[in-house]
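Chain naming here is simple, since letters A, B, ... match the order of the sequence lines and numbering starts at 1 in each.
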Amino acid sequence: MRVVVWLPGPLREYVGGAKQLPLDVTDGAVIRDVLDAVGRSHPLLERRIRDELGHIREHVNVFVGTDNIKDLDRLETRLHSGVEITILPAVSGGAR
Amino acid sequence: MTEYFLAIGTRKGLFLGHSTDRVSWELERADLGMNSASAVCIDTRRGRPRVLVGATSGHWGPSVLYSDDLGKTWQEPDRAPVSFPEGSDAALTRVWQLQPGRPAEPEVVWAGTEPSALFRSEDGGVTYELVRGLWEHPHRPTWQPGGGGQCLHTVLPHPRDASRMTVAMSTGGVYETIDGGQSWAPSNGGIVALHNPDPYPEYGQCVHKISRHPDEPDRMFLQNHGGVFRSDDGGGSWSPIGGDLPADFGFPIVAHPRRPSSVFVFPLLGDFDRTPPESRCRVFRTDNAGETWQPLEKGLPQDGFQAAVMRDAMSADDGDPTGLYLGTRSGAVFASGDEGDSWHAVALYLPDVLSIRAAVVG
């Protein structure tokens, strides 16, 4: 199935300036699978989103539709075909 | 005409300076796309200088970038340059130190990190591997973070012996290897640990910085969290040398590149104040390995100065005479082209300075 990952401005340089990254993942995929796919195709982009332990960075939020995955099943949040995933910087991460 | 290049890492970006006299500087901000630059390095061992930066974004995490054109363009590999391997159960918080290896190994670069770990690069600082001998040291679970985080901030390769290296961390103290990094032993004899019931433990000291003289590598100078020390036996033992300094707390310590008995420090009132004594911005230099110290203040603010200088925000260049550079937490940067005798402002209103390095590049 195909999902779409929307990227904020600072991360678009890693996908040639595109605002969105369409990805084909297996039916029943979860957020972790999508980030794994990002890591295979765009490793520099992936490590801006999560660390080497696979944890989403502290000041990055990932939304499925309009829901923050922190309020769902986090990395195990299940997806359906055509869903829009949005990566956004948290307001808490601004430069001190 | 000699060309000097200055790299200033701040909490909000990297700034690069060019000068031919170390008095007038042209400054520009590097386009890193990252926030802070906690570690900078100018590696001049090959024909073309390579600038390395340990940068961290508050949102997007840490990385190491490099430039082979003095900061005009920056590269970052697809593979994470510094990354804890699977099974280590750790993730990189930031890079605190980027240190060229021995002159005989021009492709070797070392990185010290938070959490405290040592990484080795064999491709000129593009990618690094964890030094497992230190990471798997049985002391590691008991190292405690200082105020800045649990960091390995000092890497001192022995200039003549590839099997020997000294590192320092806060806290943890000094460790040395004599077998190329396979095993490490604490090397803190004589260094006080003011925060510990036993003031002279085997390890656990909060060492702030060490500097080693390149021509006399067994001579090292150390700025501790309380006390300035010298070792003449490669770290086997340390003796206090802060006698007539106005304060023996501080962060940076810089050995003169050519004179083994000359060292520079920036004293702060410690531990609970951390401002310069008498509110004066002064570097202190010894020319007799710590028996006496002289204040260097010409051209530095001497009235109402309250800012500290961080452990990597003071350094020397490789010019002759030696140039000295310091950057403050209040965003001021000063340069001296005469070994600290007089100083000129490079910038006054940058973000707080975390790291500074300079080199002759032409």
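Not one N or O on the side chain of Glu52(A) forms a donor-acceptor pair closer than 3.5 Å with the backbone of Glu86(B). Listed for the His59(B) side chain is a donor-acceptor partner under 3.5 Å among the backbone atoms of Ala90(A).
Heavy atoms of Leu45(A) lying under 4.5 Å from chain B are absent altogether. Pro89(A) touches chain B through backbone and side chain together, each having a heavy atom under 4.5 Å away.
Residues Arg57(A) and Pro62(B) come closest through the heavy atom pair NH1-CD, 3.7 Å. Arg47(A) and Pro77(B) make their closest contact through NH2-O, 2.9 Å (heavy atoms, listed as atom of the first residue, atom of the second, distance).
With respect to Arg48(A) and Glu76(B), a salt bridge is recorded, a charged nitrogen being found less than 4.0 Å from a carboxylate O.
Counting heavy atoms of neighbouring residues, nucleotides and ligands inside a 6.0 Å radius, atom CD of Gln20(A) exceeds 12 of them. The environment of Lys70(A) atom NZ is dense: over 12 non-hydrogen atoms of other residues, nucleotides or ligands sit within 6.0 angstrom.
Between Phe84(B) and Asp51(A), the closest side-chain pair of non-hydrogen atoms is not below 4.5 Å.
Ser83(B) OG to Leu53(A) CG: the interatomic distance, rounded to the nearest 0.5 Å, is 8.5 Å.
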